[in-house]
Engineer: 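One structure coming up, written as structure tokens, with questions to follow.
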Amino acid sequence: MHAGYLKTALFVLAGIFTGVMFAGFKVQDYQHASIVISKGEAAKPLYVSDYSGRQVIALSAKNLQGAKDIEIKMDGTVIQSWYPPVVKMPYNKRMDVEGGRFRGVDFGKRLPLYLIADNRKGCGEIEIVDLSDGSLIQRVHVMRGDSNDRHH
Amino acid sequence: MLLGIALFLSPLSVIPQAAGEVNMCGAVCPRMFFILSPKGIASGFVDGVRAAWFGSALVGLILIVTLFFGRLWCSHVCPIGGASELLSRGIPERLKINFSIINAPAFRYGYFIVFVAGAFLGIGSIACKFCNFRVIPFLAGAPFVPAYRTYLTTSMGIAGLVTIGLSGFLAKGGRAYCNLLCPIGVLDSLSNRLGLTFGKRMKVDKDKCIGCGECKKICPTWSISVSEKAEIDQLSCMPCRICESKCPKEAISYGKIKE
């Protein structure tokens with residue numbers, strides 16, 4: 001009886017240990033970050049690691065401004081998204097995507113982006129532009145150093 | 001299972017597209033909304049349900065169905081567990097890892113505590129790390145979508161692939177991830193246990209059972225134990241009904257346990 005409880009407790013601890021290991025797992029070449037796209041507000045800078053090889057920033061950008069057609073760009077990086085769908089269903093009337101250009105972005109929509117930088121040095125800037133008139137919506141500074149990869 | 005894969009995964013993503021998504025992330029994510037937020041438990045939950053409205057509604061529906069009919073989502077619909085199980089069937093048995101020495105419910109609840117409360121307690125968040133709802137849809141879409149290939153070739157993507165490879169494709173039965181690490185499986189198994197007195201479940205007719213252990217050998221979730229007679233652990237069982245088809249005495253069936 002006691003052996004049964006002990007065995008159960010050991011496996012609970014093993015589960016907790018595995019969870020703690022997974023939660024603490026970090027890599028140099030991939031990190032999450034999130035931003036809020038809002039016009040006229042100074043954006044909080046993003047901190048990415050000092051890793052100098054190919055680095056992927058998984059950026060979750062939440063649209064909290066009115067422009068529906070926007071472009072997201074950053075010098076020296078390739079921007080990818082998993083939109084649009086491979087086979088677009090007839091009932092899917094939402095966003096169109098081409099590279100970093102998004103058309104028909106609803107207010108509150110989160111855009112999942114991958115910013116891929118190869119051997120980038122120094123800091124950079126993400127520019128978010130209103131495609132309807134080319135005006136700048138927001139600029140986000142990307143700094144190197146302590147990461148802020150708090151997960152969304 | 002194949003229908004679930006076709007409906008949820010690339011290239012068609014029929015159901016995710018109904019929610020404006022293309023995979024199991026974003027509004028369709030069924031795992032994020034119940035993670036305790038360091039910003040506030042109640043407000044975090046509301047924000048999580050808003051952001052993942054489709055995923056949270058799906059989980060609610062799964063739990064209600066489970067209450068009455070057992071874990072049909074896990075055994076028959078889940079595209080992720082289903083894909084793992086189907087792929088594992090193509091791998092020779094001698095190469096597979098047998099996880100059945102692990103007390104699955106105990107391990108699962110230990111892991112679940114960290115999954116739900118890790119960020120809140122400052123340990124860190126597991127969330128998308130090693131998530132099979134991310135890795136498997138990305139694998140399915142990788143031939144068509146460069147962004148999926150980008151993720152899968154990062155260290156994080158490779159770590160996810162290794163985890164799903166070992167606990168899915170290379171696991172005996174293909175369901176070790178479902179049984180040990182899946183947070184929906186945790187909630188679903190509790191719902192399965194709660195509805196035991198009135199819902200339909202896999203059950204053993206003790207008068208017919210001869211304790212041969214054939215059912216135990218083929219159970220993908222190692223939820224059958226045999227001493228003199230077979231016993232089904234309702235905290236792990238999903239009614240895939242493989243045991244029912246293999247039982248030489250027709251002692252296992254699907255129906256109400258207390259009739």
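Any value given below was found using the heavy atoms of this structure, including those in side chains, with hydrogens, waters and symmetry copies removed. Just so it is clear, the model here is predicted, and its values are computed rather than measured. Throughout, protein chains are lettered first and strands after them, A, B, ... in sequence-line order, and every chain is numbered starting at 1.
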Engineer: With only heavy atoms counted, which part of Ser10(B) is less than 4.5 Å from chain A, the side chain, the backbone, both or neither?
Structural biologist: side chain
Engineer: Between Gly124(B), Pro11(B), Ala159(B), Gly157(B), which shows the greatest number of heavy-atom pairs under 4.5 Å with chain A?
Structural biologist: Pro11(B)
Engineer: Counting only heavy atoms closer than 4.5 Å, note whether Ile158(B) contacts chain A via side chain, backbone, both or neither.
Structural biologist: neither
Engineer: Would you say CZ of Phe120(B) has more than 12 non-hydrogen atoms from neighbouring residues, nucleotides or ligands within 6.0 angstrom?
Structural biologist: no
Engineer: What distance do Phe22(A) atom CZ and Cys131(B) atom SG have between them, rounded to the nearest 0.5 Å?
Structural biologist: 11.5 Å
Engineer: Taking only heavy atoms into account, what residues of residues 7-17 of chain A are found under 4.5 Å from chain B?
Structural biologist: Thr8(A), Phe11(A), Val12(A), Ala14(A), Gly15(A), Ile16(A)
Engineer: If I measure from the heavy atoms of chain A, does Val14(B) come under 4.5 Å with its side chain, its backbone, both, or neither?
Structural biologist: both
Engineer: Counting heavy-atom pairs under 4.5 Å to chain A, which of Pro146(B), Ser13(B), Gly118(B), Ala51(B) comes out on top?
Structural biologist: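 Top option by heavy-atom pairs under 4.5 Å: Pro146(B).
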Engineer: Which value, rounded to the nearest 0.5 Å, describes the distance between Met21(A) atom CE and Tyr111(B) atom OH?
Structural biologist: 12.0 Å
Engineer: Select one option (side chain, backbone, both, neither) describing which atoms of Tyr91(A) are under 4.5 Å from chain B's heavy atoms.
Structural biologist: side chain
Engineer: Side chain, backbone, both or neither: which part of Val20(A) has an atom under 4.5 Å from a heavy atom of chain B?
Structural biologist: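 Both backbone and side chain.
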Engineer: Can you tell which of Gln28(A), Lys62(A), Gln80(A) has the highest number of heavy-atom pairs within less than 4.5 Å of chain B?
Structural biologist: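 Max contact count across the listed options: Gln80(A).
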Engineer: Tell me whether the count of non-hydrogen atoms from other residues, nucleotides or ligands lying under 6.0 Å of CZ in Arg193(B) goes above 12.
Structural biologist: no
Engineer: Is Phe130(B) in contact with chain A via its backbone, its side chain, both, or neither, using a 4.5 Å heavy-atom distance?
Structural biologist: side chain
Engineer: Tyr151(B) and Tyr30(A): aromatic ring centres closer than 6.0 Å?
Structural biologist: yes
Engineer: Side chain, backbone, both or neither: which part of Leu180(B) has an atom under 4.5 Å from a heavy atom of chain A?
Structural biologist: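 For Leu180(B), no heavy atom lies under 4.5 Å from chain A.
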Engineer: Is it the side chain or the backbone of Ser37(B) that comes within 4.5 Å of chain A heavy atoms, both, or neither?
Structural biologist: neither
Engineer: Using 30° and 60° as the class limits, which term best fits the ring planes of Tyr114(A) and Phe138(B): parallel, tilted or perpendicular?
Structural biologist: perpendicular
Engineer: Any chance you could measure Arg54(A), atom CZ, to Ser155(B), atom OG, to the nearest 0.5 Å?
Structural biologist: 9.5 Å
Engineer: Side chains of Asp29(A) and Thr154(B): any donor to acceptor distance under 3.5 Å?
Structural biologist: no
Engineer: Report which part of Thr18(A) has an atom under 4.5 Å of a heavy atom belonging to chain B: side chain, backbone, both, or neither.
Structural biologist: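 For Thr18(A), backbone and side chain are both near chain B.
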Engineer: Heavy-atom pairs under 4.5 Å with chain A - which of Arg50(B), Met156(B), Arg108(B) has more of them than the others?
Structural biologist: Met156(B)
Engineer: Between Ala23(A) and Val114(B), what is the shortest heavy-atom contact and its length?
Structural biologist: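 Smallest heavy-atom distance, with atoms named: CB-CG1, 4.5 Å.
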Engineer: Out of Ile116(A), Val87(A), Val78(A), return the one with the most heavy atom pairs under 4.5 angstrom to chain B.
Structural biologist: Val87(A)
Engineer: Indicate the atoms forming the closest heavy-atom contact of His32(A) with Cys128(B), along with that distance.
Structural biologist: NE2-CB, 4.3 Å
Engineer: Could you check which of Leu181(B), Ile102(B), Ile113(B) has the highest count of heavy-atom pairs closer than 4.5 Å to chain A?
Structural biologist: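 Most heavy-atom pairs under 4.5 Å with chain A: Ile102(B).
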Engineer: May I have the step-by-step check of salt bridge (charged side-chain N to carboxylate O under 4.0 Å, His left out) for Arg110(A) and Glu21(B), ending in yes or no?
Structural biologist: CA-CA 10 Å; Arg110(A) 268 181 202 275; Glu21(B) 298 292 347; over 6 Å; no
Engineer: Spell out, as yes or no, whether a donor-acceptor pair under 3.5 Å connects the side chain of Gln17(B) to the backbone of Asn92(A).
Structural biologist: no
